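Written below as structure tokens is the structure these notes are about.
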Amino acid sequence: MYRILDREDLTSEIHLLKIEAPGVARKAQAGQFIIVRIDEKGERIPLTIADWDGKEGSVTIVFMEVGTSTRKLAVLNTGDSIVDFVGPLGRPTEIEQFGTVVCVAGGFAIATIVPIARAMRKAGNRVVSIMGFRTKDLVFWEERLGSVSDELIVTTDDGSYKRKGLVTEPLKELLQETRIGRVIAIGPTVMMKFCSLTTKPFGVKTIVSLNPIMVDGTGMCGCCRVSIGGETKFACVDGPDFDGHEVDWDLLMKRQRTYLDEEKESLELWKKKMAGAIVNE
Amino acid sequence: MSEKKKLDLNRVSMPKQEPLVRKKNFSEVALGYTEEQALREASRCIQCKKSSCIDGCPVDIDIPGFIRAISEGNMPEAVRVLKDKNSLPGICGRVCPQETQCEMTCALAKKGAPIAIGRLERYVADWERYHPEIIGQQKNCARFNGKRVAVVGSGPAGLTCAAELAKLGYGVTIFEALHVAGGVLMYGIPEFRLPKDIVQAEANYVRSLSEEIKFDQVIGKIATVDDLLGNGFDAVFLAPGAGAPMFLNIPGENLSGIYSANEFLTRTNLMKAYAFPEYDTPIKVGKEVVVFGGGNVAMDASRCALRLGAGKVYIIYRRSRVEMPARAEERDNAEEEGIVFKLLTNPKRFIGDEQGRVKAVELYEMELGEPDESGRRRPIPKPNTEFIMEIDTAIVALGTRPNPIIPSTTKGLELTRWGTIITDDATGRTSKEGVWCGGDMATGAATVISAMGAGKRAAVDIDAYLQGKS
């Protein structure tokens with residue numbers, strides 16, 4: 001069992017949990033992920049590592065409520081436990097001196113990019129970060145990402161906060177204005193796809209962190225297979241980072257939708273259970 | 001024993017669930033002997049002096065010894081004799097290919113009626129589970145000798161090695177990557193062939209001998225092999241299992257609805273997708289299912305698909321029936337349940353719909369040519385025989401290649417060109433000092449019992465090595 005040491009609501013739908021997992025905390029590196037199973041009937045889902053503290057023996061995850069598993073996670077409190085927490089899995093993000101690195105993140109992936117930006121800066125890069133949100137209410141960790149970046153650009157789709165528009169717009173301007181050594185883009189699949197399309201004409205290598213469906217997360221089942229430059233790779237052991245210009249995005253998005261019907265069914269049942277629980281109290 | 005006793009060549013068959021009933025449930029197919037049946041079968045053993053059956057057993061069980069105890073009605077003694085050499089008898093009695101091992105070398109095999117050693121082994125193991133008050137968990141362990149061994153993986157090789165070393169007095173810790181013990185016995189082999197409470201009972205027995213089983217431990221990630229050697233372990237036995245599934249390498253293979261057998265079986269067995277949505281892990285089966293491959297895993301996957309509600313399940317195999325690597329018993333069970341074998345057939349490509357789901361597969365016919373390096377006749381495509389088959393789900397059961405996590409994070413481990421760890425067959429030693437390996441990671445995909453044999457041989461050699469050092 002892995003105990004929850006702390007919990008924080010970053011927005012109404014995005015939550016942070018700090019989990020006691022000393023073994024994982026000792027070895028974690030930026031860009032890696034963990035697999036959690038919440039209870040005995042739970043599924044195994046991958047979540048990226050947002051932060052870790054080797055001394056405290058803790059690992060921080062940030063997630064958005066999407067399906068049943070993330071909703072189950074969202075109702076847990078400090079002191080509660082989850083049954084499994086496996087990691088650190090996947091290859092760490094390649095950290096080197098590239099010159100200027102642009103870190104682009106959308107939604108809850110802001111949490112994933114913070115340790116990467118921090119490591120890039122520590123390696124001597126100038127880090128420009130772009131964070132994008134749908135609307136003002138969903139903005140979080142502006143200061144935190146700002147503190148590990150030399151420059152920070154914030155966008156909202158509806159213009160309710162800072163710059164109006166999508167993250168690809170300031171990204172394109174940066175590519176036109178300065179010499180960029182590398183772009184890291186993490187967020188919803190469609191965002192990563194369009195960031196990759198934006199950088200491609202400039203020939204700037206763009207690393208994306210793919211999030212296909214996984215089961216074991218250790219290379220055993222092949223559920224997370226993705227097509228990279230025409231070759232099949234397993235995101236759990238060969239990734240999750242890949243060259244965004246080589247990814248077959250349509251395939252990834254189609255595979256992510258494999259269980260849409262079942263996810264809906266599972267969620268309905270969960271909602272019913274939760275409603276029942278409230279009535280019973 | 002009277003040598004002149006007339007030979008009884010009537011092998012006692014084991015009751016099974018009827019095919020029409022069992023294809024709708026996940027309960028065990030074979031029901032096991034009754035006491036009367038076990039006594040009758042045991043009494044057929046002629047207790048011959050040569051005991052050639054033992055030559056066929058990878059873990060050297062005193063087979064005539066435990067059979068004699070059954071026929072004398074001394075069940076505690078039968079348990080003791082069996083467990084002296086085999087810590088996992090309930091598992092072996094169910095999944096060992098006895099027909100190519102002990103039962104093949106049994107003196108009565110020549111007469112066409114070998115003793116049903118596997119069924120008797122299962123009977124003894126089940127008797128023990130039903131009579132814990134009589135046996136208890138007898139622990140014949142030597143006192144802790146001050147040395148500690150890390151075992152990586154709790155499948156058949158790991159559990160066996162751990163049990164043997166613990167009995168000799170070593171402090172053994174097992175590191176398991178998944179959330180339960182058993183490895184392939186839990187995620188791979190289905191409930192109807194090997195009930196999971198039996199795996200857990202036997203894993204718990206091994207756990208009672210060892211220091212602990214640590215779950216969620218992916219060695220190579222949370223700790224490297226060198227971390228283990230540097231942190232209080234005097235030796236490491238690697239038994240991480242088969243690893244990465246192989247695919248067909250044909251167009252369309254990444255469409256939704258195409259599973260590796262590992263994924264399909266893991267969702268079903270380990271994650272209990274058959275009980276979705278009570279359990280959170282989903283699986284999609286549909287009406288028409290094809291399974292590629294001719295081994296036991298293909299049989300398991302096809303029979304799971306049937307039980308998950310598929311209308312029609314086809315096994316597609318490029319050679320003919322005689323070349324199928326599956327056990328005859330499993331092949332027959334599958335056919336009885338209505339699985340259709342499409343032999344001498346191979347896939348060319350998958351065809352998907354707009355949502356990216358598989359909707360059809362293009363197949364073509366094969367014929368058999370000269371024998372290849374495996375000794376089996378080589379399948380050759382027959383020209384102009386392509387045809388399209390509409391499907392909802394495809395499962396690829398073509399075997400596995402080694403998982404790269406441990407080799408890529410351990411310095412000094414030499415690998416074969418297939419990526420398996422180079423291991424001395426007799427001892428399990430690798431090229432790295434203090435590190436042994438066994439099971440599928442050393443041999444490529446093989447049987448439960450051969451992995452257990454490797455675990456046992458490695459335990460003997462680890463003991464010799466550590467005693468030599470002290």
Side-chain angles (χ1 to χ4, degrees), chain A residues 2 21 23-24 26-27 32 34-35 37-45 67-69 72 83-91 213 215-227 232 234 237-238 248 250-263 265-270, chain B residues 177-180 184 187-188 214-218 220-224 227 240-247 249 253-267 270-273 275-284 352-357 396 400-405 408:
Chain A
Y2 301 81
V24 182
R26 249 193 315 272
K27 291 280 184 174
Q32 290 186 297
I34 47 93
I35 290 266
R37 198 173 62 114
I38 296 150
D39 54 41
E40 286 305 331
K41 293 183 177 177
E43 60 182 338
R44 296 169 65 98
I45 59 161
T68 305
S69 294
K72 275 184 172 180
V83 292
D84 295 291
F85 193 84
V86 192
L89 299 172
R91 298 183 181 191
I213 302 171
V215 185
D216 67 292
T218 65
M220 188 263 276
C221 82
C223 176
C224 66
R225 53 199 200 274
V226 290
S227 181
T232 297
F234 290 1
V237 286
D238 301 322
D248 182 339
D250 292 341
L251 177 77
L252 174 64
M253 285 188 256
K254 282 173 178 166
R255 284 188 67 83
Q256 284 171 332
R257 286 196 287 263
T258 300
Y259 296 105
L260 274 190
D261 297 340
E262 287 79 7
E263 282 161 17
E265 185 186 350
S266 171
L267 195 54
E268 286 305 315
L269 185 71
W270 165 251
Chain B
L178 291 172
H179 53 263
V180 290
V184 71
Y187 76 75
K214 294 176 91 146
F215 297 103
D216 297 342
Q217 306 285 308
V218 181
K221 291 292 183 187
I222 195 159
T224 63
D227 289 338
M246 295 208 274
F247 285 92
N249 293 317
E253 192 155 48
N254 293 330
L255 289 164
S256 304
I258 303 175
Y259 293 92
S260 74
N262 267 6
E263 183 189 350
F264 192 81
L265 291 170
T266 299
R267 284 181 181 272
L270 181 72
M271 305 310 297
K272 300 190 166 64
F276 178 88
E278 190 202 341
Y279 281 75
D280 295 341
T281 303
I283 198 161
K284 264 193 197 307
D353 64 15
E354 303 84 65
Q355 276 85 47
R357 270 200 70 79
V396 182
T400 56
R401 55 194 161 81
N403 187 301
I405 292 179
S408 67

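This one's a predicted model, so the numbers in the text were calculated from it and none came from an experiment. Proteins get letters first, then strands, A, B, ... in listed order; numbering begins at 1 in each.
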Checklist outcome for this item: The interface call for B:Leu265 against chain A, heavy-atom contacts under 4.5 Å, is neither
Checklist entry - Side-chain contact, heavy-atom cut-off 4.5 Å: A:Arg26 with B:Ile222? => result no
Item to check | Those residues that, when tested against A:Phe234, pass ring-ring contact (aromatic ring centres under 6.0 Å, His included) (two or more places apart) | outcome: none
Next on the checklist: B:Asp280 and side-chain contact (heavy atoms from CB on, under 4.5 Å): which single residue from A:Glu262, A:Arg37, A:Lys72 fits?
Outcome noted: A:Lys72
Item to check | Contact class of A:Val237 relative to chain B, heavy atoms under 4.5 angstrom | outcome: side chain
Checklist entry - Taking atom types as modelled and ignoring hydrogens, do the side chains of B:Tyr187 and A:Asp216 form a donor-acceptor contact shorter than 3.5 angstrom? => result no
Checklist outcome for this item: In this structure, NZ of A:Lys27 is separated from NZ of B:Lys221 (nearest 0.5 Å) by 10.5 Å
Next on the checklist: Using modelled atom types and a 3.5 Å cut-off, is there a donor and acceptor pairing between side-chain atoms of A:Arg257 and backbone atoms of B:Gln355?
Outcome noted: no
Checklist entry - Shortest non-hydrogen contact from A:Glu43 to B:Thr281? => result CB-OG1, 3.2 Å
Checklist entry - Does any heavy atom of chain B fall under 4.5 Å from the side chain of A:Thr218, the backbone, both, or neither of them? => result both
Checklist entry - Which bit of B:Ala273 is near chain A, if near means a heavy-atom gap under 4.5 Å: side chain, backbone, both or neither? => result neither
Checklist entry - Taking all atoms of both residues into account, what is the closest heavy-atom pair of A:Gly222 and B:Glu263, and its distance? => result C-OE1, 4.3 Å
Item to check | Nearest atoms (heavy-atom pairs only) where B:Asn254 meets A:Arg225 | outcome: OD1-NE, 2.7 Å
Next on the checklist: Let's go through A:Val215 and B:Met271 carefully: what are the C-alpha distance in whole Å and the side-chain angles of both, what is the deciding distance for side chain to side chain contact (heavy atoms under 4.5 Å, CB included) to 0.1 Å, and is it a yes or a no?
Outcome noted: CA-CA 9 Å; A:Val215 185; B:Met271 305 310 297; 4.2 Å; yes
Checklist entry - If you count heavy-atom pairs under 4.5 Å with chain A, which of B:Pro245, B:Ala177, B:Gly220 comes out on top? => result B:Pro245
Item to check | Distance (rounded to the nearest 0.5 Å) between A:Thr258 OG1 and B:Ile283 CD1 | outcome: 12.0 Å
Checklist entry - Nearest heavy-atom pair of B:Phe276 and A:Glu265: which atoms, and what distance? => result CE2-OE1, 3.6 Å
Next on the checklist: Looking at every non-hydrogen atom in both residues, tell me the closest pair between B:Leu178 and A:Met220 and how far apart they are.
Outcome noted: CD1-CE, 4.3 Å
